[in-house]
Amino acid sequence: MAEDTRTRATAAPNFALVKYWGKADDEAMMPAVPSLSMTLEGPLVEVSLSDGGEEDRVWLDGTPVHETWRARTARFLDLARQRAGASGHVDVRSVGGMPPAAGLASSAAFFAALARAAAARWGLGEDTGTISDLARMGSVSASRSVPGGWVVLDPAGRRGPVLEARTVFAPDHWDVTVIVAVVDTAEKQVASSDGMRLTRDSSPYYGAWVDASVGLFEDGLRAVGERDMEGLARVAERSCMMMHASAMACEPPILYLAPATLAVTRAVTRMRASGLGCLYTIDAGPQVKVVCAKEDVDRVREGVLSVPGVLGIMEHAPGAGCRLLGAGSDPPRSP
Ligand code: PMV
């Protein structure tokens with residue numbers, strides 16, 4: 001029997017309560033602002049690496065990805081090989097997770113799992129910080145899917161060129177559920193990396209956004225530490241809307257929100273005013289993530305599902321971060 005050369009790892013999406021939007025250094029993938037996020041327990045993406053051919057190749061759920069994504073993955077793998085002093089192209093097979101590029105953090109889970117598998121394959125070690133720093137080079141938010149629970153990525157805490165995301169509170173610190181309200185699964189018009197570059201370079205509100213970020217980050221950390229849903233709602237919804245307002249003021253404007261997105265935010269605001277523990281946040285796409293206190297999940301779910309334009313929901317608890325699975329059989333539907 002041929003030697004099994006696969007390396008497999010899983011990761012789940014994370015989403016930010018205090019947003020990252022804008023880079024201080026594009027090449028070094030250095031965020032301009034600190035962010036605070038929650039790593040979910042699912043849906044898990046499984047990435048496997050096996051010996052490749054002339055170039056790195058990538059399949060998503062059994063289908064070869066388009067060239068832009070393949071080249072982006074290959075650039076990331078080049079960097080991982082360079083850090084490890086390794087060589088040899090690989091075949092990358094990814095299965096599961098969220099639909100790609102719909103603002104559902106699919107790239108975060110993909111690059112976190114890829115970084116975990118690449119680190120194992122090329123001897124970069126097990127250290128969460130090292131793997132998180134590597135994942136950041138694929139997508140900044142991916143660095144936050146490496147550790148579990150409530151996570152911070154703070155450029156003020158960087159060690160030279162190294163910036164890793166770290167857990168500040170374990171997944172069980174606060175019994176909350178995240179309801180993802182899906183309102184549109186089409187691929188987004190403007191990729192987050194392009195959107196944030198345009199915001200930095202053309203939005204008159206970008207400076208105000210950066211100036212507000214440290215205060216929002218500190219207030220968000222405090223609110224999570226104290227399990228203060230009202231306080232976190234004020235911070236998270238403001239961070240979210242400031243991010244979108246700065247993007248809307250670009251030349252040309254970027255609008256990620258759809259009518260149903262806004263309808264969900266209104267429903268959440270109303271539910272909170274009626275005493276339910278819930279808040280909303282929105283990333284670079286139209287879906288809404290609703291964080292709610294465990295005891296209010298049933299009523300918040302009902303409220304979200306009753307909003308016209310909501311196509312469906314997913315529910316996830318905080319999770320433990322990315323994980324190495326070791327060698328195993330090919331994922332289903334791989335070529
Ligand atoms: O790291 P990227 O390119 O996936 O950008 C993520 C940006 C947001 O999701 C909109 C905000 C965030 O902090 O995750």
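Values below: all heavy atoms of this structure, side chains included; hydrogens, waters and symmetry mates excluded. Atoms within a ligand are numbered from 1 in the order they appear, just like the ligands themselves.
Checked by atom type, the side-chain pair H316/E41 shows a donor-acceptor distance below 3.5 Å.
The ligand atoms of ligand 1 that sit less than 4.0 angstrom from a heavy atom of V140 are 1 (O). Those atoms of ligand 1 that come under 4.0 Å of a heavy atom in W21, given as number and element, are 10 (C). Every atom of ligand 1 is numbered from 1 in the order shown, and the set under 4.0 Å from a heavy atom of M243 is 10 (C). Set against the non-hydrogen atoms of A284, the atoms of ligand 1 under 4.0 Å away are 10 (C).
Using a 4.0 Å cut-off between a side-chain N of Lys or Arg and a carboxylate O of Asp or Glu, E226 and R222 qualify as a salt bridge. The pair D133-R158 does not count as a salt bridge, with every side-chain nitrogen at least 4.0 angstrom from each carboxylate oxygen.
Among protein heavy atoms, atom 7 (C) of ligand 1 sits closest to Y20 O, 3.7 Å. Residue, atom and distance of the protein heavy atom nearest to atom 3 (O) of ligand 1 are S192 OG, 3.0 Å. In terms of protein heavy-atom proximity, atom 9 (O) of ligand 1 is closest to D283 OD1, 3.5 Å. Ranking protein heavy atoms by distance to atom 14 (O) of ligand 1, first place goes to R144 NH2, 2.7 Å.
For a threshold of 3.5 Å applied to N or O pairs, the pair formed by S35 and ligand 1 contains no separation below that value.
Cluster partners of V146, by chain and number: I131. The rule joins Ile, Leu, Val, Met, Phe, Trp and Tyr whenever side-chain heavy atoms lie under 4.5 Å apart.
Both the backbone and the side chain of S141 come within 4.0 Å of ligand 1, judged by heavy-atom distances.
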Residues S94, W59; criterion side-chain hydrogen bond (donor to acceptor under 3.5 Å, both in side chains); working and verdict: CA-CA 6 Å; S94 171; W59 290 265; over 6 Å; no
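V307 and L279 fall into different hydrophobic clusters, defined by Ile, Leu, Val, Met, Phe, Trp and Tyr side-chain heavy atoms under 4.5 Å apart, directly or through other members.
Ring geometry for F110 against W69 counts as tilted: the plane angle lies between 30° and 60°, on a 0 to 90° scale.
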